[in-house]
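Reading through the structure tokens given below for one structure.
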Amino acid sequence: MDTAQLLDFAERNMLLVGIFIGLTVAIVINEIKHLTRGYKSVSSAGLTRLLNADNGVVIDVSPKVDFDKAHINGSQNIPMADFKPDHKVLQGAKDKPVVLICRRGLTAGGAASLLKKAGFSDVSVLDGGVDKWSADGLLVVGKKGKA
């Protein structure tokens with residue numbers, strides 16, 4: 001295909017070309033945001049390693065009601081509505097690994113950004129949150145023991 005054919009195709013299919021360019025730009029912007037956000041993503045296996053090493057802090061930013069229903073053993077709850085980098089649970093954790101968790105892995109990113117801006121050195125978010133953790137066959141605890 002030469003340049004003339006390509007230009008002819010683009011002229012005849014302006015809508016498709018526009019959609020293609022728009023999607024390409026959106027993907028590039030999303031990837032740039034992902035690379036520059038300042039915090040990492042951690043898998044269920046990665047969080048398991050961190051919990052077993054017992055040197056990190058695991059914070060669930062879900063509302064208390066959701067945390068009480070199902071949470072990862074060893075995590076502490078600071079609901080997003082009350083989340084601040086200077087919260088007493090986070091004191092002394094600036095140089096420790098901190099993993100933030102929510103139900104689906106969407107809300108925790110906001111808390112992670114706050115911690116990075118406050119100078120926390122090692123901040124991660126659990127990919128897929130508690131829902132993914134549970135789907136991976138890992139134990140969650142709650143009011144009724146297993147959730």
How far apart are the C-alpha atoms of Leu100 and Leu126, what are their side-chain angles, what is the distance that settles it, and do they pass the side chain to side chain contact (heavy atoms under 4.5 Å, CB included) test? CA-CA 6 Å; Leu100 295 150; Leu126 177 63; over 6 Å; no
Evaluate the criterion salt bridge (charged side-chain N to carboxylate O under 4.0 Å, His left out) for residue pair Arg104 and Asp131; output intermediate values, then yes/no. CA-CA 6 Å; Arg104 292 179 188 88; Asp131 289 352; 3.5 Å; yes
Does the side chain to side chain contact (heavy atoms under 4.5 Å, CB included) test come out yes or no for Ile78 and Leu90, once each step is laid out? CA-CA 10 Å; Ile78 305 174; Leu90 293 167; 4.2 Å; yes
Apply side chain to side chain contact (heavy atoms under 4.5 Å, CB included) to the pair Thr24 and Ile21, showing each step before the final yes or no. CA-CA 5 Å; Thr24 302; Ile21 291 171; 5.7 Å; no
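A donor-acceptor pair under 3.5 Å is formed between the side chain of Trp133 and the backbone N or O of Leu139. Remark: the backbone N or O of Asp2 is paired with a side-chain donor or acceptor of Gln5 at under 3.5 angstrom. Within the 3.5 Å criterion, the main-chain N or O of Val130 finds no donor-acceptor partner in the side chain of Ser134. Using modelled atom types, one side-chain atom of Asn77 and one backbone atom of Ser62 make a donor-acceptor pair closer than 3.5 Å.
Pairing each heavy atom of Ala93 with each of Val57, the nearest pair is CB-CG2, 3.9 Å. Across Thr107 and Cys102, no two heavy atoms sit closer than the pair N-SG, 3.3 Å. When all heavy atoms of Ala108 and Val61 are compared, the pair lying nearest together is CA-CG2, 4.0 Å. Taking all atoms of both residues into account, the shortest heavy-atom contact from Met80 to Gly110 is CE-C, 3.8 Å. For the pair Met14 and Glu11, the tightest heavy-atom approach, listed with the atom from each and the gap, is CG-O, 3.4 Å. Residue Pro79 comes nearest to Pro63 through the heavy atom pair CB-CA, 4.3 Å, listed as atom of the first residue, atom of the second, then distance.
From Lys64, atom NZ reaches atom NZ of Lys69 across 12.5 Å, with rounding to the nearest 0.5 Å. How far OG of Ser124 is from CG of Leu47: 9.0 Å, rounded to the nearest 0.5 Å.
Using a 4.5 Å heavy-atom cutoff, the side chains of Val42 and Asp127 are not in contact. By the 4.5 Å heavy-atom criterion applied to side chains, Asp60 and Arg103 are counted as neighbours. Considering only heavy atoms from C-beta on, Thr48 comes within 4.5 Å of Leu138 through its side chain. No side-chain heavy atom of Ile59 sits under 4.5 Å from any side-chain heavy atom of Val99.
Within the structure, salt bridge (charged side-chain N to carboxylate O under 4.0 Å, His left out) contacts touching residues 76-98 (residues at least two apart or in different chains) do not occur.
Shown here are the side-chain contact (heavy atoms from CB on, under 4.5 Å) partners of Ser113, two or more places apart in sequence or in another chain: Tyr39. For Lys116, the side chain to side chain donor-acceptor pair (under 3.5 Å) test picks out no residue, with sequence neighbours left out. With sequence neighbours left out, the side chain to side chain donor-acceptor pair (under 3.5 Å) criterion links Asp66 to no other residue. With sequence neighbours left out, the ring-ring contact (aromatic ring centres under 6.0 Å, His included) criterion links Phe67 to His71. With sequence neighbours excluded, the residues satisfying salt bridge (charged side-chain N to carboxylate O under 4.0 Å, His left out) with Lys40 are Asp122.
Hydrophobic clustering (side-chain heavy atoms under 4.5 Å, transitive across Ile, Leu, Val, Met, Phe, Trp, Tyr) groups Leu23 together with Leu15. Note on Val125 and Val89: same hydrophobic cluster, where clusters join Ile, Leu, Val, Met, Phe, Trp and Tyr whose side-chain heavy atoms are under 4.5 Å apart, directly or indirectly. Val140 and Val65 fall into different hydrophobic clusters, defined by Ile, Leu, Val, Met, Phe, Trp and Tyr side-chain heavy atoms under 4.5 Å apart, directly or through other members.
Using modelled atom types and a 3.5 Å distance limit, the side chains of Ser44 and Asp136 yield a donor-acceptor pair.
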